[in-house]
Undergrad: 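Okay, handing you the structure first.
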Amino acid sequence: VDLSAQIANMSVKNLFLNASGIHCQTEEELDELMNEPVSGAMVTKSMTPKSRFGNPLPRYYRLANGSINSMGLPNQGFDYYMDYLKNHDQKKPIIVSVAGMSKEEDLEMLHQLQDNDGYQGLTELNLSCPNVIGKPQMAYDFEAADDLLHEVFSFYKKPLGIKLPPYFDLVHFDMIAEVLNKYPLSHVNTINSVGNGLWIDTNSETVVLKPKGGFGGVGGSMVLPTALGNVRGLRQRLNDDIKIIGTGGVTNGGDAFAHILCGAEMVSIGTQLYEEGLTTFERVTKELTDIMEAKGYKSLDDFRGKLKVIE
Ligand SMILES: CC(C)(C)CCc1c(C(=O)O)[nH]c(=O)[nH]c1=O
């Protein structure tokens, strides 16, 4: 399914999906997302060729206004998710998230998806995947990202989007958009967690995560401003036919409304969904619907991307 086509007649209730990594690793979790009545799509945990336990625990920690994680790509492996797609009717589009631990693993999985005639789905390549040692993650190495996408699009002809980490410099928005606009991407999903934060239990004077000496990706309400900046910054720079899935900091209808004002076609929910559970989708949808009614908006297109600046 092409997300853009799927989005074309999107109504509010179909707006939402889970953020990759949240409630989407096992068959049971995926079934629950599939049968959740409100969300309009779903995405798998980023997969690697072979199943992975991931990092040692504790690897996720709830903060007052968000979360920090260093999961280490725990997932059941590529074949498990391919089997899931084959054996379950798709009541809603399932985005297949791919995150190799190397460029070679990315290409290996994308070749398998391309060569699988039974697979017509939408794929999302997680560019937060590691680069060669000593180089920044792929999405922060603009030349490497360009080379990777050039190689991918030389053979991959099915709908493909990418997941991006946040950028913090307007020139970086320019630089990544210049790369992305060269390729026929279905969508960009922004943002991934804000990388390499650190949280400390000052009573014990100890970090709260075991992996990476406590460093981890930060999510939840505290990253909303960064998420909105990235959705807006990329919407202003990307070709119109590259849709944006807004992710980051969404805890209520108002946050989702803000993402859509910045140009998001769909909105994914991570930390809040993990902490509150699947009922988050109906609560946030109701809150958004109430806001739209109060403002006299009939559809998302009445306000999508129409954020006003102060003249
Ligand atoms: C950070 C990576 C392990 C390279 C990718 C998987 C991932 C993880 C993870 O599995 O640790 N956590 C996130 O917040 N975002 C991600 O994209």
Side-chain angles (χ1 to χ4, degrees), residues 17-26 29 43-63 66-78 80-81 95-106 108-110 123-141 144-145 148 161-167 176 187-199 207-224 226-227 230 245-250 268-275:
L17 69 159
N18 63 303
S20 179
I22 306 299
H23 213 102
C24 58
Q25 184 176 335
T26 64
E29 289 179 323
V43 60
T44 67
K45 169 65 184 176
S46 295
M47 60 193 70
T48 50
K50 298 280 173 284
S51 71
R52 289 169 58 89
F53 174 81
N55 286 335
L57 281 66
R59 59 193 191 184
Y60 173 94
Y61 190 85
R62 177 91 172 87
L63 303 170
S67 65
I68 187 168
N69 88 83
S70 185
M71 308 300 286
L73 265 173
N75 75 97
Q76 315 299 94
F78 183 83
Y80 178 97
Y81 297 104
I95 301 173
V96 168
S97 178
V98 161
M101 292 305 282
S102 66
K103 176 175 176 175
E104 290 65 34
E105 287 194 359
D106 284 338
E108 172 189 344
M109 289 183 280
L110 289 170
T123 306
E124 187 174 281
L125 177 59
N126 184 343
L127 279 192
S128 285
C129 49
N131 196 346
V132 295
I133 305 291
K135 304 270 283 186
Q137 64 168 286
M138 197 56 84
Y140 291 156
D141 181 340
L148 172 60
I162 57 165
K163 178 76 171 282
L164 292 176
Y167 298 93
I176 190 63
H187 72 279
V188 163
N189 187 331
T190 179
I191 63 174
N192 204 324
S193 51
V194 174
N196 294 302
L198 186 71
W199 191 251
V207 300
V208 298
L209 298 181
K210 179 165 182 177
K212 290 177 59 178
F215 285 89
V218 176
S221 62
M222 79 173 89
V223 308
L224 181 61
T226 296
N230 277 262
I245 297 178
T247 305
V250 176
S268 64
I269 308 175
T271 299
Q272 189 62 32
L273 185 66
Y274 179 75
E275 294 296 336

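Atoms within each ligand, like the ligands themselves, are counted from 1 in listed order. If you're wondering where the values come from, they're calculated on a predicted model, not measured in any experiment.
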Undergrad: Among all protein heavy atoms in this structure, tell me which lies nearest to atom 12 (N) of ligand 1, with the distance rounded to 0.1 Å.
TA: Asn69 OD1, 3.0 Å
Undergrad: Restricting to non-hydrogen atoms, name the atom on Met101 and the atom on Pro130 that form the minimum distance, rounded to 0.1 Å.
TA: O-CG, 3.9 Å
Undergrad: Under the salt bridge (Lys or Arg N to Asp or Glu O under 4.0 Å) rule, collect the residues that match up with Glu275, sequence neighbours excluded.
TA: Arg62
Undergrad: Do any nitrogen or oxygen atoms of Asn126 come within less than 3.5 Å of a nitrogen or oxygen of ligand 1?
TA: yes
Undergrad: Show me which atoms of ligand 1 lie under 4.0 Å from any heavy atom of Lys45.
TA: 8 (C), 9 (C), 10 (O)
Undergrad: Is Pro74 in polar range of ligand 1, meaning some N or O pair under 3.5 Å apart?
TA: no
Undergrad: Out of all atoms in ligand 1, which are within 4.0 Å of some heavy atom of Ser128? Include the element for each.
TA: 4 (C)
Undergrad: Under a 4.0 angstrom heavy-atom cut-off, which atoms of ligand 1 come close to Ser193?
TA: 13 (C), 14 (O), 15 (N)
Undergrad: Relative to atom 17 (O) of ligand 1, which among Thr48, Leu73, Asn192 owns the nearest non-hydrogen atom?
TA: Asn192
Undergrad: Does the protein put a heavy atom less than 4.0 Å from atom 1 (C) of ligand 1?
TA: no
Undergrad: Over all heavy atoms of both residues, which pair between Cys24 and Val43 is shortest? Give the atoms and the distance, please.
TA: CB-O, 3.1 Å
Undergrad: With heavy-atom distances below 4.0 Å as the criterion, list the atoms of ligand 1 near Gly72.
TA: 9 (C), 10 (O), 11 (O)
Undergrad: Within a 6.0 Å radius of atom OH on Tyr80, are there more than 12 heavy atoms belonging to other residues, nucleotides or ligands?
TA: yes
Undergrad: Looking only at the side chains, is there a donor atom on one of Ser46 and Asn75 sitting less than 3.5 Å from an acceptor on the other?
TA: no
Undergrad: Kindly state each residue pair satisfying salt bridge (Lys or Arg N to Asp or Glu O under 4.0 Å) with at least one member in residues 209-220, sequence neighbours excluded.
TA: none
Undergrad: Consider ligand 1: state whether an atom of it lies below 4.0 angstrom from any non-hydrogen atom of Gly21.
TA: no
Undergrad: Does the side chain of Asn189 pick up a donor-acceptor pair with the side chain of Thr247 at under 3.5 Å?
TA: yes
